**Q** 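Structure in structure tokens, see below.
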Amino acid sequence: MGKVWDILQEKDTVVLFDVDGTLTSYNYGEYHAHHELDFTPGFRDVNIYADCRRLTPLWEYIGEHGTERIFCISMEPHGHEAWKSEMLMRLYGIPGDHCFYTTDPDEKPLIAKRIIDTWFPGISPRKVVCVDDNDVTLGRYMKETGFCTAHPMIFMEHISRS
Ligand SMILES: [Mg+2]
């Protein structure tokens with residue numbers, strides 16, 4: 001039986017969240033999951049985060065856990081960092097200095113290790129959970145860090161049981 005849900009409930013656990021598809025529903029377009037201007041230069045000028053809604057199970061979890069031990073690691077190749085951070089504060093109360101961005105998703109494990117080394121040196125890797133909806137990224141976290149990993153659906157699974 002998986003232990004990650006129990007670890008997520010412990011108050012001193014540090015949680016590193018992906019953003020797109022984890023703290024947002026990844027439904028940015030009118031008729032598509034991708035915004036219609038994605039893959040075009042014009043996409044840089046579109047704030048896809050302006051009308052994002054909070055995802056209730058994640059919002060309730062973060063509200064209970066507090067944001068001191070919540071961080072975000074997000075791939076952002078479109079220059080949308082400021083809009084994304086504004087959304088994370090507005091919907092979840094996550095401070096801007098807890099949001100980290102990269103253009104290379106392969107760097108996520110390195111960023112995770114840097115965050116932990118900087119903010120929580122010496123913490124047990126079993127007290128850190130990386131949450132991401134991307135299977136390849138979850139595998140990289142598993143191989144390249146000692147941290148626990150979870151797919152965001154874990155929040156849906158447990159909320160629906162209660
Ligand atoms: Mg994602």
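Note that the numbering runs from 1 along the sequence shown for the chain. Both ligands and their constituent atoms are indexed starting at 1 by order of listing. This one's a predicted model, so the numbers in the text were calculated from it and none came from an experiment.
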**Q** Restricting to pairs with a member in residues 114-123, which pass side chain to side chain donor-acceptor pair (under 3.5 Å), not counting sequence neighbours?
**A**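 Not a single pair qualifies under side chain to side chain donor-acceptor pair (under 3.5 Å).
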**Q** Taking the inter-plane angle between the rings of Tyr26 and His34 on a 0 to 90° scale, is it parallel (under 30°), tilted (30 to 60°) or perpendicular (over 60°)?
**A**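 Aromatic pair Tyr26/His34 classed perpendicular.
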**Q** Classify the angle between the aromatic ring planes of Phe43 and His78 as parallel (below 30°), tilted (30 to 60°) or perpendicular (above 60°).
**A**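 Judged by the thresholds at 30° and 60°, the geometry between Phe43 and His78 is perpendicular.
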**Q** So, does Thr40 use its side chain to make a donor-acceptor pair with the main chain of Leu37 at under 3.5 Å?
**A**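 Yes, Thr40 side chain to Leu37 backbone: donor-acceptor pair under 3.5 Å.
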**Q** Please verify the inter-ring angle class for Phe71 with His98; under 30° counts as parallel, over 60° as perpendicular, anything in between as tilted.
**A**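 If you compare the ring of Phe71 with that of His98, the planes turn out parallel.
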**Q** Can you list the protein N, O or S atoms less than 2.8 Å from the Mg ion (ligand 1)?
**A**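 The answer, once waters are left aside, is Asp18 OD2, Asp20 O, Asp133 OD1.
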**Q** For the rings on Tyr101 and His80, is their centre-to-centre separation under 6.0 Å?
**A**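 Between His80 and Tyr101, which both carry aromatic rings, the centre distance is not below 6.0 Å.
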